[in-house]
Amino acid sequence: MAERLAASAATLRASAAAATPSARRAARASRAFFPPSPATSARARVGLRAAPSPLPQKARAVRCAAVAAASDVAQVKAAREDIRELLRTTHCHPILVRLGWHDAGTYDKNIEEWPQRGGANGSLRFDVELKHGANAGLINALKLIQPIKDKYPSITYADLFQLASATAIEEAGGPKIPMKYGRVDVTGSEQCPPEGKLPDAGPSSPADHLREVFYRMGLDDKEIVALSGAHTLGRSRPERSGWGKPETKYTKNGPGAPGGQSWTVEWLRFDNSYFKDIKEKRDQDLLVLPTDAALFEDPKFKVYAEKYAEDQDALFRDYAEAHAKLSNLGAKFQPPQGFSLDD
């Protein structure tokens, strides 16, 4: 499997080199909305080298095998502690948030059948989906948490991705997400969703594009704006996404590999700075994508963006609800009602 992941990365680079200019621009825009890999830093790479490699044959089999059973409650709780330690040592909060979002964000409410409807089903572990342009760099997130999956084999990938994402938000100072677990994994790469399900950063009509993508998932304007607040975490690197500056005064010293352009000054802290900084337009070293600016330009979005710029508690409440909803999209649970770690 380690060889497959390496091959996936090589194939992705080759595909990018061969793509047409228009295809490359579309892929860059898509990667920028969910920033490619703010935590693939020097410290993160040290963590990757420290992970066991090559994996024992049994662990590789567990990693590649289809997992149809629900997750074990005790193992999910234990894995959460390991994720917290991973966050403390690698500062990989942004890329783990992105991992959970991208596994869930392919959901189509107009398709009833599972797993054809997409969503939080663990399909992002397969090479075919990792090669999607919007998922560039997420192979690094998979490498970061794979040792945790190997240590706790009775957790589905679908649960692990969402656990990592929610834990990253909470550990960055954000709200506690009312999560439930018990998601069932897809069984093979043929069940991965088609490419093109995730948002772009620079479409010709940003507000319309956001609505087209998120309405397809069953999310509304308030949830679109609240979820956009996750851009308070992370950086965009122009060499990967086509957006942002190579370096700013906020990113030149890391943590992790220096460089890129962040949306906020303290880009590893979850708060309402994203909305405040866009509204005030006070700092040219902070990134504002077309889809970010649209939150204050579109009249319906602006109602919520203004509210969150003034009221961090309101953002935390709405974000927690929206994140939990996103993490459940398209998922099939076993038991059907799922389970909470706080039960």
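What you are looking at is a predicted structure, and each value in this text was computed from that prediction instead of being measured.
Although no hydrogens or angles enter the test, the distance criterion places no donor-acceptor pair under 3.5 Å between the side chain of Gln312 and the main chain of Asp271. A donor-acceptor pair under 3.5 Å links the side-chain atoms of Ser228 to the main chain of Ile224, judged by distance alone. A side-chain donor-acceptor contact under 3.5 Å links Lys149 to the backbone of Ile155. A side-chain donor-acceptor contact under 3.5 Å links Ser71 to the backbone of Thr156. Of the possible polar contacts, none joining the Ser189 side chain to the Phe126 backbone as a donor-acceptor pair under 3.5 Å is found. Between the side chain of Thr232 and the backbone N or O of Gly229, no donor-acceptor pair lies under 3.5 Å.
Val303 and Val225 fall into different hydrophobic clusters, where Ile, Leu, Val, Met, Phe, Trp and Tyr side chains are chained together by heavy-atom contacts under 4.5 Å. Leu160 and Leu341 fall within a single hydrophobic cluster, where Ile, Leu, Val, Met, Phe, Trp and Tyr side chains are chained together by heavy-atom contacts under 4.5 Å. Following chains of ILVMFWY side-chain contacts shorter than 4.5 Å, one can reach Tyr181 starting from Val73, so the two form part of one hydrophobic cluster. Both Leu289 and Leu227 belong to a single network of hydrophobic side chains, linked directly or stepwise wherever heavy atoms of I, L, V, M, F, W or Y lie under 4.5 Å apart.
Here the shortest heavy-atom pairing between Gly122 and Ala158 reads N-CB, 3.5 Å. Heavy atoms only, all atoms of each residue included: Leu268 and Pro255 are closest at CD1-CG, 3.4 Å. Across every non-hydrogen atom of Pro178 and Ala320, the tightest pair is CD-O, 3.6 Å. Contact between Ile83 and Ile148 at its shortest, heavy atoms only, is CG1-CD1, 3.7 Å. Nearest heavy atom pair, residue Thr291 against residue Leu210, reads O-CD1, 3.8 Å. Scanning both residues, His102 and Ala134, for their nearest heavy atoms gives CE1-O, 3.0 Å.
The CG atom of Leu96 lies 11.0 Å from the CG atom of Asn140; values are rounded to the nearest 0.5 Å. Note that the CD atom of Glu310 and the CG atom of Leu315 stand 12.5 Å from one another [nearest 0.5 Å]. Atom-to-atom distance recorded for Arg80:CZ and Glu171:CD is 9.5 Å, nearest 0.5 angstrom. Taking CG from Leu329 and CZ from Arg216, the interatomic distance works out to 9.5 Å, rounded to the nearest 0.5 Å. A distance of 9.5 Å separates CZ in Arg237 from CD in Glu247, rounded to the nearest 0.5 Å. The CG atom of Leu144 lies 11.0 Å from the CD1 atom of Ile139; values are rounded to the nearest 0.5 Å.
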Test side chain to side chain contact (heavy atoms under 4.5 Å, CB included) applied to Phe214 and Glu223, step by step: CA-CA 9 Å; Phe214 284 94; Glu223 291 161 336; over 6 Å; no

Stepwise side-chain hydrogen bond (donor to acceptor under 3.5 Å, both in side chains) test for Thr187 and Gln191: CA-CA 7 Å; Thr187 57; Gln191 296 173 316; 2.9 Å; yes

Chi angles and distances behind the side chain to side chain contact (heavy atoms under 4.5 Å, CB included) call for Thr251, Gln261: CA-CA 7 Å; Thr251 65; Gln261 186 174 14; 5.8 Å; no

Pair Met179-Ser327, side chain to side chain contact (heavy atoms under 4.5 Å, CB included): steps then yes or no: CA-CA 8 Å; Met179 298 291 291; Ser327 76; 3.5 Å; yes

Audit row: Asp103, Tyr157, side-chain hydrogen bond (donor to acceptor under 3.5 Å, both in side chains) steps and yes/no: CA-CA 10 Å; Asp103 196 47; Tyr157 279 95; over 6 Å; no

Full working for side chain to side chain contact (heavy atoms under 4.5 Å, CB included) between Phe161 and Arg125: CA-CA 10 Å; Phe161 293 167; Arg125 73 191 191 272; 4.2 Å; yes

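Put simply, the side chain of Trp243 reaches to within 4.5 Å of the side chain of Ser236, judged on heavy atoms. Contact of the Trp263 side chain with the Leu233 side chain is not registered, since no non-hydrogen atoms from C-beta on lie closer than 4.5 Å. The side-chain heavy atoms of Glu81 and Arg84, taken from C-beta on, include a pair separated by under 4.5 Å. Contact of the Ser262 side chain with the Leu286 side chain is registered, since non-hydrogen atoms from C-beta on lie closer than 4.5 Å. By the 4.5 Å heavy-atom criterion applied to side chains, Asp311 and Phe316 are not counted as neighbours. Counting heavy atoms from C-beta outward, Asp283 and Asp277 have side chains that stay 4.5 Å or more apart. His132 has its side chain out of reach of Leu198: every pair of non-hydrogen atoms, C-beta onward, lies at least 4.5 Å apart. Annotation: side chain of Pro175 is not in contact with side chain of Arg317 (no heavy-atom distance under 4.5 Å).
No side-chain donor-acceptor contact under 3.5 Å links Tyr152 and Asp72.
Relative ring orientation between Trp101 and Tyr319 is described as parallel, the plane-to-plane angle staying below 30° on a 0-90° scale split at 30° and 60°.
The cationic atom of Arg211 (NZ for Lys, CZ for Arg) lies less than 6.0 Å from the six-membered ring centre of Phe301 and within 45° of the ring axis. Under the 6.0 Å distance and 45° angle rule, Lys279 does not count as a cation-pi partner of Phe296.
Residue pairs satisfying the salt bridge (charged side-chain N to carboxylate O under 4.0 Å, His left out) criterion with at least one member in residues 155-166, sequence neighbours excluded, are listed as follows: Asp159-Arg183.
Ion pairing of Asp220 with Lys325 is absent here, as no side-chain N (NZ or NE/NH1/NH2) approaches a carboxylate O to less than 4.0 Å. Remark: Asp221 does not engage Lys300 in a salt bridge, criterion side-chain N to carboxylate O under 4.0 Å.
The side-chain contact (heavy atoms from CB on, under 4.5 Å) check on Gln116 picks up Ile111, Glu113, with sequence neighbours excluded. Contacts of Glu195 classified as side chain to side chain donor-acceptor pair (under 3.5 Å), with partners at least two apart in sequence or in another chain: none. Judged as a side chain to side chain donor-acceptor pair (under 3.5 Å), and not counting sequence neighbours, the contacts of Asn121 are Ser123. Partners of Gln75 by side chain to side chain donor-acceptor pair (under 3.5 Å), not counting sequence neighbours: none found.
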Only distances under 3.5 Å count here; give the side-chain donor-acceptor pairs of residues 163-170 to other protein atoms, sequence neighbours excluded, each with its distance to 0.1 Å.
from: Ser165; atom 1: OG; to: Val97; atom 2: O; distance (Å): 3.2
from: Thr167; atom 1: OG1; to: Leu163; atom 2: O; distance (Å): 2.7
from: Glu170; atom 1: OE2; to: Ile177; atom 2: N; distance (Å): 2.9

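Glu112 CD: 12 or fewer foreign heavy atoms inside a 6.0 Å radius. When the shell of 6.0 Å around CD of Glu280 is examined, it contains more than 12 heavy atoms from other residues, nucleotides or ligands.
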